[in-house]
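Notes for the one structure printed next.
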Amino acid sequence: MVNSNVDALGIIFPNSYDSLLPELTSERLMASIPFASRYRMIDFILSGMVNCGIDNISIVVRKNYHSLLDHLGSGREWDLARKNGGLNIIPPYAQKAVKIYHGRVEALASILAFLKSQKEKYVVMSDTNTAANFDFSSFIEAHIDSGADVTVAYAKEEIPAKAVTANPTNENFWYTLGIDNGRVKEIQINPKEPGIQNFSMNIYVISRELLIEQIEAAYVKGYIYFERDILEPQLDKLNVQAYLYEGYSARICDMKSYFDENMKLLDAKNLDALFEGNPIYTKIRDDHPTRYITGAKVKNAMVADGCIIEGEVENCILFRGVEVRAGAKVKNCVLMQDSVIEGDARLEYVVSDKNVHVTEGKEIKGTDTFPVFIAKGQTV
């Protein structure tokens, strides 16, 4: 772990964009969606904050947070099990002021008393729908050096098709930035322009006192969204600077993008790009190493610990404890924790949630544009 501290606290919003992936968020939130064989989506942002020395991190949850509580526990794996600061998970109705929120303004308004009681100078805020090895140290340093009121991280990429067609009434707002000499001059909401855009990563740093001031003023006016209701109307008043993130990122916005971003990690260049630099921490599961039984055939696969492979596996992401029995053939699949594929089963372009059981001889086949999804705990 990085021992040096920065004068900042972290706030994570784990439910953002849940509605874009209903298959995987019916019983969990975006932050706890499994990704990259052994991780959850929150691991990347949480590890990034910890690696830069942020040791006071609050997670403001809204619903379906049991799996997140189970995954994070006390925060020991991230060195956040502390008497002062550490990991602070804030569920709805934990206190009188904490209610189910819709946007960041409502979420932050519910924890204003907490924010006022802290001593850190800066607040770093982030969603969890993007997996990236983000360097928060450079981000905060750039914010301080520029003298900005707010700094927002962005990446140069195309807007995903799902973002273009998303229903804004479901709180699925996406933002692109108009930038002039490093300063944000325009924030476009749910734009539809083709080609490479300055696509906001929804990662911000702002002084704690300014954040409190802005949230208090916005909440009494009934405002809901930080970007739409606070930043965009005040771009001429607030110095909002843009920070270009040039590293690897995987943005999840629907089932196809979830499948595609997992499969991209089978390319060693993408895998190295995501995990190079600072380490990514996750919950430890004390399990045996993966066992490859005589006769097993495995080609181009990412396989976590605890798996037992007797059949054939090709171009697959296998999470912890997956079993592929003798005679089974699995190709172009993402199989989550403790899934069991019985003998002579055939799976291609399938995403299985946890504890799925595919019985002997079954054949399930999707396509690269429409992978078949099997819900958690189902037997086929």
Side-chain angles (χ1 to χ4, degrees), residues 1-14 42 44-60 75 78-90 95 97-98 103-128 132 134-154 177 182-184 200-219 223 225-227 229-231 234-235 237-245 278:
M1 296 283 182
V2 175
N3 293 320
S4 61
N5 292 321
V6 295
D7 194 11
L9 61 88
I11 298 179
I12 297 175
F13 304 94
I42 195 172
F44 296 89
I45 290 298
L46 191 59
S47 297
M49 290 184 177
V50 168
N51 285 328
C52 90
I54 298 175
D55 59 9
N56 182 4
I57 301 174
S58 295
I59 302 174
V60 189
W78 297 266
D79 194 26
L80 291 173
R82 299 165 179 255
K83 290 182 178 179
N84 298 311
L87 185 66
N88 180 30
I89 300 175
I90 306 172
Q95 293 181 350
V98 182
R104 290 192 186 193
V105 171
E106 291 182 341
L108 293 168
S110 70
I111 60 169
L112 272 177
F114 166 78
L115 288 173
K116 291 178 180 179
S117 69
Q118 302 308 296
K119 300 185 183 301
E120 288 85 355
K121 184 174 182 179
Y122 300 103
V123 176
V124 176
M125 302 184 292
S126 178
D127 295 332
T128 57
F134 195 88
D135 186 352
F136 282 95
S137 294
S138 297
F139 181 52
I140 296 170
E141 183 179 348
H143 173 76
I144 296 172
D145 291 344
S146 69
D149 294 314
V150 183
T151 299
V152 53
Y154 73 99
L177 311 176
R183 182 166 178 172
V184 178
S200 173
M201 298 180 72
N202 293 349
I203 299 175
Y204 298 88
V205 60
I206 181 175
S207 76
R208 183 174 57 86
E209 294 296 335
L210 178 60
L211 179 63
I212 292 170
E213 174 189 316
Q214 292 293 324
I215 295 301
E216 286 181 331
Y219 188 67
Y223 293 162
Y225 302 105
F226 181 73
E227 298 86 351
D229 299 332
I230 293 181
L231 293 187
Q234 299 188 86
L235 289 177
K237 177 182 176 182
L238 295 175
N239 180 7
V240 181
Q241 291 288 315
Y243 175 87
L244 176 60
Y245 174 73
N278 292 319

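Note that the structure is a prediction, hence the values are computed from the model and not measured.
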Contacts of type side chain to side chain donor-acceptor pair (under 3.5 Å), residue Glu213, not counting sequence neighbours: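 Partners of Glu213 under the side chain to side chain donor-acceptor pair (under 3.5 Å) test: none.
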
Sequence-distant partners of Glu209, side chain to side chain donor-acceptor pair (under 3.5 Å), two or more places apart: none

[atom1]/[X] to [atom2]/[Y] distance, rounded to the nearest 0.5 angstrom?
{"X": "Leu211", "Y": "Ile11", "atom1": "CG", "atom2": "CD1", "value": "6.5 Å"}
{"X": "Tyr245", "Y": "Ser200", "atom1": "OH", "atom2": "OG", "value": "14.5 Å"}
{"X": "Tyr223", "Y": "Glu106", "atom1": "OH", "atom2": "CD", "value": "13.5 Å"}
{"X": "Leu9", "Y": "Met125", "atom1": "CG", "atom2": "CE", "value": "10.0 Å"}
{"X": "Ile57", "Y": "Ile45", "atom1": "CD1", "atom2": "CD1", "value": "10.5 Å"}
{"X": "Ile215", "Y": "Leu115", "atom1": "CD1", "atom2": "CG", "value": "8.5 Å"}

Mind checking side-chain contact (heavy atoms from CB on, under 4.5 Å) for [X] and listing every partner two or more places apart, or none if nothing turns up?
{"X": "Ala153", "result": "Phe134, Phe139, Met201, Ile203, Tyr243"}
{"X": "Asn88", "result": "Ser58, Ile90, Phe114"}
{"X": "Ser137", "result": "Cys52, Asp135"}

Salt bridge (Lys or Arg N to Asp or Glu O under 4.0 Å) partners of residues 110-120, not counting sequence neighbours, each pair once: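 Qualifying pairs: Lys116-Glu216.
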
Counterpart residues, ring-ring contact (aromatic ring centres under 6.0 Å, His included), relative to Tyr204 (two or more places apart):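 Result, ring-ring contact (aromatic ring centres under 6.0 Å, His included) vs Tyr204: Phe226.
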
Within the 4.5 Å heavy-atom criterion, are [X] and [Y] side-chain neighbours or not?
{"X": "Leu108", "Y": "Gln214", "result": "no"}
{"X": "Leu46", "Y": "Leu80", "result": "yes"}
{"X": "Ile212", "Y": "Gln118", "result": "no"}

Minimum heavy-atom distance [X]-[Y], with the two atoms named:
{"X": "Val60", "Y": "Pro14", "value": "O-CD, 3.1 Å"}
{"X": "Ser207", "Y": "Tyr122", "value": "CA-CD2, 4.0 Å"}
{"X": "Asp55", "Y": "Arg82", "value": "OD2-NH1, 3.6 Å"}
{"X": "Ser126", "Y": "Met49", "value": "CB-CE, 4.3 Å"}
{"X": "Ala107", "Y": "Phe13", "value": "CB-CE2, 3.7 Å"}
{"X": "Tyr154", "Y": "Ala242", "value": "CE2-CB, 3.4 Å"}

Side-chain donor/acceptor of Gln234 to backbone N/O of Ile230, under 3.5 Å: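 Yes, the answer is positive, given that a donor and an acceptor are paired below the 3.5 Å cut-off.
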
Identify each donor-acceptor pair in which a side-chain atom of residues 143-152 lies under 3.5 Å from a protein atom, sequence neighbours left out, and give them as a table.
unit_1 : atom_1 : unit_2 : atom_2 : d
His143 : ND1    : Thr151 : OG1    : 2.7
Ser146 : OG     : Ala142 : O      : 3.2
Ser146 : OG     : His143 : O      : 3.0
Ser146 : OG     : Ala148 : N      : 3.3
Asp149 : OD2    : Asn239 : N      : 2.8

Evaluation steps, side-chain contact (heavy atoms from CB on, under 4.5 Å), between Leu177 and Val240: CA-CA 11 Å; Leu177 311 176; Val240 181; over 6 Å; no

Full working for side-chain contact (heavy atoms from CB on, under 4.5 Å) between Leu87 and Trp78: CA-CA 9 Å; Leu87 185 66; Trp78 297 266; 5.8 Å; no

